[in-house]
Structures are given as structure tokens and as C-alpha cells.
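Sequence lines set the chain letters: A, B, ... in the order given, protein chains first and strands last, and positions in each chain run from 1.
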Protein chains: 2
Amino acid sequence: MAKQRTYSQYAQEAAVLMGEQIKLGRKQRQWSEKNLADRAGISRTTLQKIENGEMSCAIGSVFEVATLVGVKLFEPDNLPLSKHIEHTRDKVALLPQRIKAKKKAVRDDF
Amino acid sequence: MAKQRTYSQYAQEAAVLMGEQIKLGRKQRQWSEKNLADRAGISRTTLQKIENGEMSCAIGSVFEVATLVGVKLFEPDNLPLSKHIEHTRDKVALLPQRIKAKKKAVRDDF
DNA sequence: GTAAAAAGACTGTTTAAATGGACATTAGAG
DNA sequence: CTCTAATGTCCATTTAAACAGTCTTTTTAC
């Protein structure tokens, strides 16, 4: 039996929600599974896994089908994603490039 | 040379933004790459790909590291994800189970 | 200034995802 | 009611991701 890894509940729910929103968007557009899979350049089996919230699919495939059916990704306001990227990169730039763990105090009282 | 598929710009920007937000959250927590990778149960190479916005990683890995560093997924309001799933499933339930394409009008005027 | 660890980049092997196809059931258009 | 295609489910093969490890550079703590 293949080893199965565990995920946190939050991560699992996010994948399930993503899948449900993709299924909703596809049905609202009246596209069949084959139709959407062909548009996204993936197989129908892969799309089924995505819509069922499986964790194993490539994020590129997931985001592509989400984009095609109009699921919004990371747009709490109406700024385009490129602006969000800019903002986040600015914040990252303010932090050290490497996270060096502080050395433990050496106890060599002998 | 490996065949490379194309993605829409929106999907690509979403993956880049996700990666940047994960990097920001990791640095804000002062975790090294190895530290976060270990916590998420993935390799350091995989985490590097995720933070660089590559499209090939499993969505489970991406969502897991995002969860660990506090990146919010699909929470425009403060409802828990389970509520969003419920709402979305209710909407899906109102639509037909299968999307049957309408038959093209048959022209048999001979 | 020094030492060590973090990060960047790469590689060969192992593991698993993606695929195309098959088959059965049944939902939905007409 | 009938017919067809959509969906569910499964499988063997192909393709690629994940991994552990290595090496180099340079950043950071002291």
C-alpha cells in the first residue's frame, strides 16, 4: 500500500474549496469535464482529481482551470496580482536574505 | 529538451504571488528553508520551487507550507473554510449534475 | 575578521502523477 | 420513451516530480 502523507485540516479544506469552486464555475459556464480539460490542456482524469480536492495535482493545472472558470485567486481587493506581487516583494526585501539561527550559548564550565 | 506547456498569465502570477507570500511568512517567522521544509514534510528543493512560483509542484505541498507560515487561502471574510465549502456545495447542488451540450440543429433539407 | 550555515544550483535515482483508453451507469435533450 | 454523451471508476504505460545528496558562494552571528 502506497504511503499516504498527512496534511493539515486547513490545507485540505482549501483544496476541497478550490475544487468545489472550479466545479461551480465550470457548471455555470455549462462546460463538460472534457470541455474544460481540453481547454486547460490536461486529461479528464486529472480534472476529476482537481474538482475532488485531491492534493496530488500540480498547482499549475489547478490554477489554470481555476483561471478558465473565473475563480479569483488572491484578490481580496481589486488590485491586479502584479501589484500584490510587487508589494510582497518589497516586504521580503526588507528582511534578511538568510535566516541564520542564533548560536546556542556555549556551556563549557569544566 | 522537455516539452514545456504554457499557462495563462493570471495563473502564473497567482503562483508567483503564492510563492512570495510563503517566502515572506517564512522569513517573518525566522525559519530557514530546511526548517520549513522539514515541518511540511517535503524536500528543500521542492520548497525552493514553490517559493519561486514554479507550476509543477503538488498543490498539497504548496497549501501545506502556506498554512504553516500563515498565508490565508480563500478567506475574504472571516468565515471558516468549512462554511465556504458548504455555501459552494449548495450552489453546485442547484445546477444539473451533467452538462449536456445542446444538439446542433439538424439541417436535412434535401 | 572568522566560522558556519543558509541559499542557489545541479544531478542521478526513486517514486508517483498524468495520460489515454475502456467500460458501465444514468442524466438530460429531444 | 429513446438515444447519446457525461460522469464515475479503473488500469497499464509514459512522463515527470520528489528526493537526497553535492558543491559553491556568500550572508550572518559572534
Side-chain angles (χ1 to χ4, degrees), chain A residues 1-7 15 19-20 22-24 26-65 92-108, chain B residues 1-7 15 19-20 22-24 26-65 92-108:
Chain A
M1 176 167 296
K3 190 197 309 186
Q4 195 121 0
R5 62 158 294 167
T6 58
Y7 293 97
E20 289 294 330
I22 286 168
K23 177 176 287 185
L24 176 65
R26 174 176 64 81
K27 293 194 168 193
Q28 280 170 340
R29 278 162 177 66
Q30 302 199 340
W31 291 349
S32 67
E33 287 181 349
K34 183 184 187 321
N35 191 350
L36 176 53
D38 288 347
R39 290 169 185 267
I42 63 176
S43 73
R44 188 170 68 88
T45 311
T46 300
L47 177 62
Q48 283 174 337
K49 290 176 190 286
I50 290 172
E51 288 193 354
N52 288 334
E54 285 193 28
M55 306 291 254
S56 55
C57 306
I59 189 165
S61 305
V62 179
F63 278 9
E64 190 70 7
V65 299
V92 170
L94 295 178
L95 297 174
Q97 211 168 331
R98 304 178 182 198
I99 310 296
K100 198 79 181 286
K102 290 181 172 53
K103 268 174 174 168
K104 291 185 181 113
V106 177
R107 293 180 51 99
D108 56 349
Chain B
M1 179 169 291
K3 187 197 309 186
Q4 196 118 6
R5 63 157 294 167
T6 59
Y7 295 97
E20 288 293 329
I22 286 169
K23 177 176 287 187
L24 176 64
R26 173 176 65 82
K27 293 195 170 192
Q28 280 170 337
R29 279 164 176 67
Q30 301 200 342
W31 290 349
S32 66
E33 285 180 352
K34 181 184 187 324
N35 191 351
L36 177 54
D38 288 347
R39 289 169 185 266
I42 64 176
S43 73
R44 190 169 70 85
T45 310
T46 300
L47 177 62
Q48 282 176 336
K49 290 176 190 287
I50 289 171
E51 289 193 353
N52 288 334
E54 285 193 29
M55 305 291 252
S56 55
C57 306
I59 189 168
S61 304
V62 179
F63 279 7
E64 189 70 6
V65 298
V92 171
L94 294 177
L95 298 173
Q97 209 170 333
R98 303 180 182 194
I99 311 296
K100 199 76 183 291
K102 290 178 172 56
K103 268 175 174 170
K104 290 183 178 120
V106 176
R107 291 180 53 99
D108 56 352

**Q** What's the angle between the local helix axes at either end of the helix from C:dG1-D:dC30 to C:dG30-D:dC1, using five pairs per end and rounding to 10 degrees?
**A**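 If I round to tens, the end axes sit 80° apart.
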**Q** Sequence neighbours left out, what passes side chain to side chain contact (heavy atoms under 4.5 Å, CB included) with A:Leu24? Give chain and number order.
**A**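 Residues passing side chain to side chain contact (heavy atoms under 4.5 Å, CB included) with A:Leu24: A:Gln28, B:Thr88, B:Lys91, B:Val92, B:Leu95.
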**Q** Sugar-phosphate means primed atoms, P, OP1 and OP2; the rest is base. With that split, encode nucleotides 20-29 of chain D 5' to 3' as B, S or - using protein heavy atoms under 4.0 Å.
**A** BBB--BBSBS
**Q** When you measure from every atom of DNA chain D, which of residues 28-39 of chain A have a heavy atom less than 4.0 Å away?
**A**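 Those residues whose heavy atoms fall under 4.0 Å from DNA chain D, taken from residues 28-39 of chain A in numerical order, are A:Ser32, A:Glu33.
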**Q** My understanding is that only residues two or more places apart in sequence, or in another chain, count here; which of them pass salt bridge (Lys or Arg N to Asp or Glu O under 4.0 Å) with B:Lys49?
**A**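 Here the qualifying residues are B:Glu54.
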**Q** With sequence neighbours left out, write down each residue that passes salt bridge (Lys or Arg N to Asp or Glu O under 4.0 Å) with A:Lys34, or none if nothing qualifies.
**A**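 By the salt bridge (Lys or Arg N to Asp or Glu O under 4.0 Å) rule, A:Lys34 matches A:Asp38.
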**Q** Could you work out, with salt bridge (Lys or Arg N to Asp or Glu O under 4.0 Å) as the rule, every residue matching B:Glu20, not counting sequence neighbours?
**A**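 Partners of B:Glu20 by the salt bridge (Lys or Arg N to Asp or Glu O under 4.0 Å) criterion, ordered by chain and then number, come out as A:Arg89.
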**Q** Please enumerate all residues that pass side chain to side chain contact (heavy atoms under 4.5 Å, CB included) together with A:Ala37, with sequence neighbours excluded.
**A**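 Side chain to side chain contact (heavy atoms under 4.5 Å, CB included) check on A:Ala37 returns A:Ile42, A:Leu47.
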**Q** Contacts to DNA chain D from residues 47-62 of chain A, heavy-atom cutoff under 4.0 Å, which residues?
**A**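 Close to the strand are A:Gln48.
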**Q** Check the phosphate of D:dT7 against A:Arg26, side-chain N and O only, distance under 4.0 Å to OP1 or OP2. Yes or no?
**A**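 So the side chain of A:Arg26 is within the cut-off, an N or O lying under 4.0 Å from OP1 or OP2 of D:dT7.
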**Q** Under the rule for side chain to side chain contact (heavy atoms under 4.5 Å, CB included), what residues qualify as partners of A:Arg39, not counting sequence neighbours?
**A**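 Side chain to side chain contact (heavy atoms under 4.5 Å, CB included) check on A:Arg39 returns A:Trp31, A:Asn35, A:Leu68.
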**Q** Among residues at least two apart in sequence or on other chains, which ones pass side chain to side chain donor-acceptor pair (under 3.5 Å) with B:Arg29?
**A**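 None.
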**Q** Residues in side chain to side chain contact (heavy atoms under 4.5 Å, CB included) with B:Ile59, at least two apart?
**A**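 Counting only residues at least two positions away or on another chain, B:Ile59 forms a side chain to side chain contact (heavy atoms under 4.5 Å, CB included) with A:Val62, B:Phe63.
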